[in-house]
Protein chains: 2
Amino acid sequence: MTFSALPSATTPELLADQIRDAILIGTYKPGDRLIEQELSDSFGISRGPIREAIRLLAAEGLIELRKNRGAVVAAPNFDDVLEVYAIRMSLGSIAIAHACHAQKHGLLDTTVVNKKLSLLKKAVGGNAFAAVSADLEFQTALIELGALPRITETFQQTAVDISVFVRFLEIRYEAADHQDLVDRHVAVFDAILQGDVDKAVDLWTGHIRQSVREFMQPFSDLEIAELFERPLMQDVFEVENAR
Amino acid sequence: MTFSALPSATTPELLADQIRDAILIGTYKPGDRLIEQELSDSFGISRGPIREAIRLLAAEGLIELRKNRGAVVAAPNFDDVLEVYAIRMSLGSIAIAHACHAQKHGLLDTTVVNKKLSLLKKAVGGNAFAAVSADLEFQTALIELGALPRITETFQQTAVDISVFVRFLEIRYEAADHQDLVDRHVAVFDAILQGDVDKAVDLWTGHIRQSVREFMQPFSDLEIAELFERPLMQDVFEVENAR
DNA sequence: GGCTCCTAAATTGTTAACAATTTACAATTA
DNA sequence: TAATTGTAAATTGTTAACAATTTAGGAGCC
């Protein structure tokens, strides 16, 4: 991987974006080392900003930092997936309830969500990975409606996790019914616009549960059986092993 | 603030610990700037590691980073408090439920919690700030029983927030009934040891709600009335304005 | 007096050299 | 052969100088 050695805009944040993309594209795989000198040569920049970018990605959980031993791309596992969905479900519920109240008081700004929704609709037919990205961005915009910055931030972090899962757990995301996904999102959005807290939260939790089910679909019976050992499956997602 | 200019162990993490302590002790107040040169002189170290420490603290949310304009100590507000309690309540519930299941399968290691509990019991009589610290550490240990690393990490972050609130929102934490606090904790712990999911989660959510009530106590009626405008109060904490 | 513009100081951002640590690998030994 | 030790290379950690940006304060102007 050499990136473009052209000196494009290179703040640590932008460097982190490019390295993150490289990881999500699959250029770097879990366990791969990120070597500072290598990266700084590629970007045509000194090691300082690269170090900072690496630490930003470590804070996201995308890579792991080992003292004096550099950074390696983190390897997600199934437990991580379930935990991330659990976080999205519970924090998302709070944010969505909050958004409903805001709507009832007539102070909900839906321009961002609407924009992300139209982007999502366009993305559904095309490239599956792009569809997942658009999906995650729409969901984040939905949660942002709650105007709860700390919850939004935590939620946003889990979006990166999901991207990583889709990439590295080799989910067959092409198999997912993206149209149904969009419908479920729109349903939550509509409920928020109606200011109906109970309905919106129910639809949201149901949506996450369905996502978990779809997530598991491509796996073997053995792997799924193992997943069902996890208490999260009953306690949080309330899904049964259908096979 | 000069810290000890002696070259004590100075990895970025330890530097962050010392700066965090300085903030929590009140040496730096919300809005104060952290100047890299100043800090590096104090610690007798170059600016590199200081920069990294500052960015670690920024990731914790303790300070705010403004591009090209340095770092300032973050100023918490009441909305932050409510949000943080909401996060602790919902993620904590998941972790505690998980811990109950582990207990039922006989694979719960309670040595850390027990240690933190005895430290907490000792701390209750003495310095109020130390008692709050011990309290937070015990709660973190309790959540760690769930063995859900991402949830634990997010929870741990909120512990720093609470410390900041107690310091900078000038909570009269001396007024809190620390013995009652310990009793509520022990009750949750006992329920986990019994493997009783419903009871443990109920006690936990009840405990957080009570904490929110106690947190508000020192404030004026006007401030409290304002707090009750927040949807979180009804939706998440289910507390009524008693005054 | 208050406003804008300008310059100097203070501060953050970046770089390249140096120091400390880890890794890789060959030579040595049992 | 397998394990161990020693050494060189690779890599991360730190430093100090330099560049770019922001801040502070005063001169000139209305």
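Naming convention: chains lettered A, B, ... in sequence-line order (proteins, then strands); numbering from 1 in each chain. Here the structure is a predicted model, which is why all the values come from computation and not from measurement.
Between A:Tyr85 and A:Phe237, the angle of the ring planes goes over 60°, which puts this pair in the perpendicular group of the 30/60° scheme.
OP1 or OP2 of D:dG13 lies within a sub-4.0 Å distance of a side-chain N or O belonging to A:Arg55. Between B:Arg47 and the phosphate of D:dG13, there is no side-chain N or O to OP1/OP2 separation shorter than 4.0 Å.
Other residues, nucleotides and ligands contribute more than 12 heavy atoms inside 6.0 Å of the CD atom of A:Glu223. Annotation: B:Glu64, atom CD; neighbour count of heavy atoms from other residues, nucleotides and ligands within 6.0 Å does not exceed 12.
Checking A:Pro12 against A:Asn68, the closest nucleotide of DNA chain C that is more toward the 5' end is the one next to A:Pro12.
Using a 4.0 Å heavy-atom cutoff across all strands shown, B:Gly70 reaches sugar-phosphate atoms only and no base atom. Residue contacts shown for A:Arg33 are limited to sugar-phosphate atoms, with no base heavy atom under 4.0 Å away. Using a 4.0 Å heavy-atom distance criterion, A:Leu65 is classed as making no nucleic acid contact. Here A:Ile54 lies out of heavy-atom contact (under 4.0 Å) with every strand.
Rounded to an integer number of Å, the gap from CD of A:Glu36 to C1' of D:dT14 is 12 Å. Computed from coordinates, the B:Asp41 CG to D:dA16 P distance equals 11 Å when rounded to whole Å. The CD atom of A:Glu52 sits 11 Å away from the C1' atom of C:dT14 (whole-angstrom rounding). Separating the CD atom of A:Gln37 from the P atom of C:dT23 is a distance of 18 Å, rounded to the nearest angstrom. We find that CG of A:Asp32 is positioned 14 Å from P of D:dT11, with the value rounded to whole Å. One can place CD1 of A:Ile45 at 10 Å from P of C:dA16, the figure rounded to the nearest angstrom. Atom-to-atom, CG of A:Leu34 to P of D:dT12 comes out at 9 Å; the value is rounded to the nearest Å. In this structure, CZ of A:Arg66 is placed 13 Å from C1' of C:dT21, rounded to the nearest angstrom.
A salt bridge is absent between A:Arg150 and B:Glu83; no separation between the charged side-chain nitrogens and carboxylate oxygens falls under 4.0 Å. Checked for salt-bridge contact, B:Arg20 and B:Asp17 meet the test: a charged N lies under 4.0 Å from a carboxylate O.
Among the nucleotides C:dG13, D:dG13, D:dT11, the one closest to any side-chain atom of A:Ile35 is D:dT11. Nearest to the side-chain atoms of A:Arg51 among the listed nucleotides D:dT14, C:dG13, C:dT15 stands D:dT14.
Not a single donor-acceptor pair, N or O on each side, falls under 3.5 Å between the base of C:dG13 and the side chain of B:Arg69.
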